[in-house]
Asks: 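My questions will all concern the structure given below.
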Amino acid sequence: MDIVIRRARPEEYEAVGEITAQAYLGDGLLDFGESDEYLGELRDVAKRAAAADVLVAVLGTGTGERVVGGVTFVPSGGPMADIAREGEAEIRMLAVAKEARGHGAGEALVRACVDRARATDGCVRVVLSTQRTMHSAHRIYGRLGFTRAPDRDWNPIPDLDDIMLLTYELTL
């Protein structure tokens with residue numbers, strides 16, 4: 001399966017948003033399911049693309065292209081950064097369509113983010129947050145040299161004790 005990673009095009013935003021939403025829903029990553037407020041953020045690719053780089057994994061060529069995954073790359077802070085500090089890029093909302101998993105799209109998206117971080121002036125590290133149950137993603141991060149940074153783990157909804165995001169980092 002040949003996978004091409006490139007910037008998302010506006011006409012692909014809806015597909016990327018739906019892939020991301022369905023990945024989070026299907027994997028049980030949203031505590032409130034279809035009524036989870038974060039679902040709207042996952043689907044709003046135009047908002048992400050206005051503040052960061054949205055990359056897609058594409059199969060096929062020309063008119064036969066099919067988007068099978070996406071990720072948001074935040075090169076140097078801004079409104080899309082959750083945990084990035086000065087000199088850090090952040091990876092957010094990595095998702096691959098269920099039918100395309102296990103073929104390298106997720107890893108290719110993360111590699112593309114790392115390459116972009118290396119090409120960003122002043123960037124010394126890539127960081128990301130992940131849920132405890134995202135085991136496939138954890139394996140990708142480990143293969144690519146990311147390490148756990150438990151001192152940076154955080155809770156996006158402090159009112160709920162059971163939502164702790166794990167932090168991984170890669171020094172460039």
Asks: Report, as yes or no, whether the 6.0 Å neighbourhood of atom CD on Glu11 holds more than 12 heavy atoms from other residues, nucleotides or ligands.
Replies: yes
Asks: When you compare the side chain of Leu29 with that of Tyr38, does any pair of heavy atoms fall below 4.5 Å?
Replies: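 No - every pair of side-chain heavy atoms lies 4.5 Å or more apart.
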Asks: Between Arg101 and Asp27, does any NZ, NE, NH1 or NH2 come within less than 4.0 Å of an OD or OE carboxylate oxygen?
Replies: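 A salt bridge is present here (some side-chain N lies under 4.0 Å from a carboxylate O).
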Asks: Which residues satisfy the salt bridge (charged side-chain N to carboxylate O under 4.0 Å, His left out) test with Asp82, sequence neighbours excluded?
Replies: Arg92
Asks: Here's a test for you: under side chain to side chain contact (heavy atoms under 4.5 Å, CB included), which of Leu42, Thr20, Leu39 qualifies with Leu25?
Replies: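 When side chain to side chain contact (heavy atoms under 4.5 Å, CB included) is applied between Leu25 and each of Leu42, Thr20, Leu39, only Leu39 qualifies.
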Asks: Do Val45 and Val67 belong together in a cluster built from hydrophobic side chains that touch within less than 4.5 Å?
Replies: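 Val45 clusters together with Val67.
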Asks: Any non-hydrogen side-chain atom of Met93 less than 4.5 Å from a side-chain atom of Met80?
Replies: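 Sidechains of Met80 and Met93: in contact.
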Asks: Can you give me the closest heavy-atom contact between Val74 and Ala52, atom names plus distance?
Replies: CG2-CB, 4.0 Å
Asks: Supply the atom-to-atom distance Asp2 CG to His103 NE2, rounded to the nearest 0.5 angstrom.
Replies: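 Rounded to the nearest 0.5 Å, the CG-NE2 separation comes to 12.5 Å.
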Asks: Can you find a pair of side-chain heavy atoms, one from Ile83 and one from Trp154, that are under 4.5 Å apart?
Replies: yes
Asks: Determine whether Val127 and Arg125 make a side-chain contact, defined as any pair of heavy atoms from C-beta on separated by less than 4.5 Å.
Replies: yes
Asks: What distance separates Cys123 SG from Glu86 CD, expressed to the nearest 0.5 Å?
Replies: 10.5 Å
Asks: Below 3.5 Å, can you tabulate the donor-acceptor pairs from side chains in residues 163-172 to any protein atom, sequence neighbours excluded?
Replies:
| residue | atom | partner | partner atom | Å |
| --- | --- | --- | --- | --- |
| Thr167 | OG1 | Arg152 | O | 2.8 |

Asks: Would you mind reporting whether Arg48 and Asp53 have side-chain heavy atoms less than 4.5 Å apart?
Replies: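 No. Closest side-chain heavy atoms not under 4.5 Å.
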Asks: Would you say Leu55 ends up clustered with Tyr24 if hydrophobic residues are merged whenever their side chains have heavy atoms under 4.5 Å apart, either directly or through other cluster members?
Replies: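 The answer is no; the residues belong to distinct hydrophobic clusters.
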Asks: Please enumerate all residues that pass salt bridge (charged side-chain N to carboxylate O under 4.0 Å, His left out) together with Arg6, with sequence neighbours excluded.
Replies: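 Arg6 satisfies salt bridge (charged side-chain N to carboxylate O under 4.0 Å, His left out) with Glu12, Glu65 only.
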Asks: Could you walk me through whether Val114 and Phe73 pass the side-chain contact (heavy atoms from CB on, under 4.5 Å) test, one step at a time?
Replies: CA-CA 9 Å; Val114 171; Phe73 173 73; over 6 Å; no
Asks: Look up atom OG in Ser129 and atom CE in Met134, then write down how far apart they are to the nearest 0.5 Å.
Replies: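 Rounded to the nearest 0.5 Å, the OG-CE separation comes out at 9.5 Å.
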Asks: Is Glu41 salt-bridged to Lys47, going by a charged N under 4.0 Å from an acidic O?
Replies: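 Judged by the 4.0 Å cut-off on N to carboxylate O distance, Glu41 and Lys47 do form a salt bridge.
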Asks: Look at the aromatic rings of His138 and His135 and report parallel, tilted or perpendicular, splitting at 30° and 60°.
Replies: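 Perpendicular.
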Asks: Considering all heavy atoms of both residues, which atom of Arg116 and which atom of Thr120 are nearest to each other, and what is their separation?
Replies: O-OG1, 2.8 Å
Asks: How close do Ile5 and Ala112 get, heavy atom to heavy atom, and via which atoms?
Replies: CG2-CB, 3.5 Å
Asks: If you look at every heavy atom in Ile19 and Gly69, which pair is closest and at what distance?
Replies: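 That closest heavy-atom pairing would be CD1-N, 4.1 Å.
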Asks: Taking all atoms of both residues into account, what is the closest heavy-atom pair of Ala95 and Leu109, and its distance?
Replies: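 So the minimum-distance heavy-atom pair works out to O-CD1, 4.3 Å.
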Asks: I'd like to check Arg43 versus Glu18 (side-chain heavy atoms, cut-off strictly below 4.5 Å). Are they in contact?
Replies: yes
Asks: Under a single-linkage definition using a 4.5 Å side-chain heavy-atom cutoff for Ile, Leu, Val, Met, Phe, Trp and Tyr, are Ile3 and Val16 assigned to the same hydrophobic cluster?
Replies: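 As far as the 4.5 Å side-chain criterion goes, Val16 and Ile3 are not connected within one cluster.
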Asks: Consider only side-chain heavy atoms of I, L, V, M, F, W and Y, link residues closer than 4.5 Å, and tell whether Val96 and Val54 are in one cluster.
Replies: no
Asks: Calculate, to the nearest 0.5 Å, the distance between atoms CG and CD1 belonging to Leu128 and Ile91 respectively.
Replies: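 So the CG of Leu128 and the CD1 of Ile91 are separated by 5.5 Å.
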Asks: Hydrophobic cluster membership, with links at side-chain heavy-atom distances under 4.5 Å among I/L/V/M/F/W/Y: are Val71 and Leu30 in one?
Replies: no
Asks: To check you understand the geometry: which heavy-atom pair defines the closest contact between Ala117 and Val126, and what is its length?
Replies: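 Heavy-atom minimum between the residues: CB-CG2, 3.4 Å.
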